[in-house]
Chemist: 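First the structure, then my questions, so here it is.
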Amino acid sequence: QVQLVESGGGLVRAGDSLRLSCAASSGTFTSYGAAWFRRAPGEYREFLAAITLRSGRAIYADSVKGRFTISRDNDKNTVSLQMNNLTPEDTAVYLCATTDSALSPRESFRYDSWGQGTPVTVTG
């Protein structure tokens, strides 16, 4: 498993932007893909976006498509999530995960390494 560390969360106002980053503590992503999920209070973990680390191909949940952008920097060994036009409904703990599987990237059970998460709070 890969040890993942997220950063970039914080307290922002509605309409603001944030950029989250995920780094592998070993310094290198060796997985097939990475994804961002979030967990709001009292809610299940929600898929947001996933990316294939070699090709950069990305997919998104409908709820964030057009507002969030996932990217990877293979030189810096980071995966980022650019979040624009945030709303209070985006308040959650944001988690990065990696997988060696190309199957079902929207399903959390496919991911075997998870970070601790970074909290995002959006005020109205």
Side-chain angles (χ1 to χ4, degrees):
Q1 290 187 347
V2 179
Q3 299 294 321
L4 303 173
V5 180
E6 302 96 335
S7 61
L11 174 65
V12 297
R13 293 184 175 182
D16 285 351
S17 298
L18 274 177
R19 186 176 182 87
L20 308 181
S21 289
C22 175
S25 60
S26 65
T28 304
F29 280 107
T30 58
S31 306
Y32 173 84
W36 286 94
F37 290 77
R38 67 185 177 191
R39 186 176 61 240
E43 300 290 334
Y44 291 108
R45 199 157 41 189
E46 177 189 7
F47 168 79
L48 300 175
I51 190 167
T52 302
L53 293 177
R54 174 170 291 184
S55 68
R57 180 178 175 270
I59 60 171
Y60 296 91
D62 288 343
S63 59
V64 302
K65 193 177 295 183
R67 292 194 304 129
F68 291 10
T69 302
I70 189 171
S71 61
R72 94 278 191 241
D73 186 327
N74 290 338
D75 290 334
K76 295 182 180 179
N77 291 302
T78 58
V79 175
S80 298
L81 186 69
Q82 177 67 40
M83 307 187 297
N84 297 329
N85 194 22
L86 289 163
T87 73
E89 289 68 35
D90 294 315
T91 294
V93 174
Y94 284 70
L95 303 130
C96 173
T98 59
T99 178
D100 290 326
S101 174
L103 301 176
S104 306
R106 299 174 186 269
E107 301 296 338
S108 61
F109 70 84
R110 288 295 182 188
Y111 295 84
D112 48 24
S113 295
W114 292 82
Q116 293 296 309
T118 184
V120 172
T121 302
V122 185
T123 60

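These numbers come from the heavy atoms of this one structure, side chains and all, not from hydrogens, waters or symmetry mates. Quick caveat: nothing in here was measured; it's all calculated off a predicted structure.
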Chemist: Give me the one residue out of Thr91, Leu11, Leu18 that meets side chain to side chain contact (heavy atoms under 4.5 Å, CB included) with Val120.
Modeler: Leu18
Chemist: What are the two closest non-hydrogen atoms of Ser80 and Ser21, and how far apart are they?
Modeler: OG-OG, 3.6 Å
Chemist: Tell me, which pairs form a salt bridge (Lys or Arg N to Asp or Glu O under 4.0 Å) where one or both residues lie in residues 15-24, sequence neighbours left out?
Modeler: none
Chemist: Which residues pass the side-chain contact (heavy atoms from CB on, under 4.5 Å) test with Glu6, sequence neighbours left out?
Modeler: Trp36, Leu95, Cys96, Thr118
Chemist: Got a sec, which residues hit side-chain contact (heavy atoms from CB on, under 4.5 Å) with Ala50, two or more places apart in sequence or on another chain?
Modeler: Ala35, Phe47, Ile59, Pro105, Tyr111
Chemist: Going by salt bridge (charged side-chain N to carboxylate O under 4.0 Å, His left out), name the residues that satisfy it together with Asp62, two or more places apart in sequence or in a different chain.
Modeler: Lys65
Chemist: Tell me, with the steps shown, if Asn74 and Arg72 meet side-chain contact (heavy atoms from CB on, under 4.5 Å).
Modeler: CA-CA 6 Å; Asn74 290 338; Arg72 94 278 191 241; 3.3 Å; yes
Chemist: Is there a continuous path of hydrophobic side-chain contacts, each under 4.5 Å between heavy atoms, that joins Ile70 to Met83?
Modeler: yes
Chemist: So does Thr52 get a backbone contact from the side chain of Arg57, meaning a donor-acceptor N/O pair under 3.5 Å?
Modeler: no
Chemist: Consider only side-chain heavy atoms of I, L, V, M, F, W and Y, link residues closer than 4.5 Å, and tell whether Tyr60 and Val79 are in one cluster.
Modeler: yes
Chemist: To the nearest 0.5 Å, what is the distance between CZ (Arg13) and OG1 (Thr123)?
Modeler: 6.5 Å
Chemist: Under the salt bridge (Lys or Arg N to Asp or Glu O under 4.0 Å) definition, can you give me all pairs with a residue in residues 34-43, not counting sequence neighbours?
Modeler: Arg38-Glu46, Arg38-Asp90
Chemist: Say you draw a straight line from OG of Ser17 to CZ of Phe68; how long is it, rounded to the nearest 0.5 Å?
Modeler: 9.5 Å
Chemist: Working to the nearest 0.5 Å, report the span between CG of Leu4 and SG of Cys22.
Modeler: 4.5 Å
Chemist: Just verifying a value: how many Å separate Thr69 OG1 and Asn84 CG, rounded to the nearest 0.5 Å?
Modeler: 6.5 Å
Chemist: Give the cluster check for Val93 versus Val122: same hydrophobic cluster or not, with ILVMFWY residues linked at side-chain heavy-atom distances below 4.5 Å.
Modeler: no
Chemist: Looking at OG of Ser101 and CZ of Phe109, how far apart are the two atoms once the value is rounded to the nearest 0.5 Å?
Modeler: 8.5 Å
Chemist: State yes or no: do Val64 and Leu86 share one hydrophobic cluster built from I, L, V, M, F, W and Y residues joined by side-chain heavy-atom distances below 4.5 Å, directly or via other members?
Modeler: yes
Chemist: Would a hydrophobic clustering, with Ile, Leu, Val, Met, Phe, Trp and Tyr connected at side-chain separations under 4.5 Å, put Ile51 with Leu81?
Modeler: yes
Chemist: Taking salt bridge (Lys or Arg N to Asp or Glu O under 4.0 Å) as the cut-off, I'd like each qualifying pair that reaches into residues 91-117, sequence neighbours left out, listed once.
Modeler: none
Chemist: Out of curiosity, Tyr32 OH to Ser55 OG, how far, rounded to the nearest 0.5 Å?
Modeler: 6.5 Å
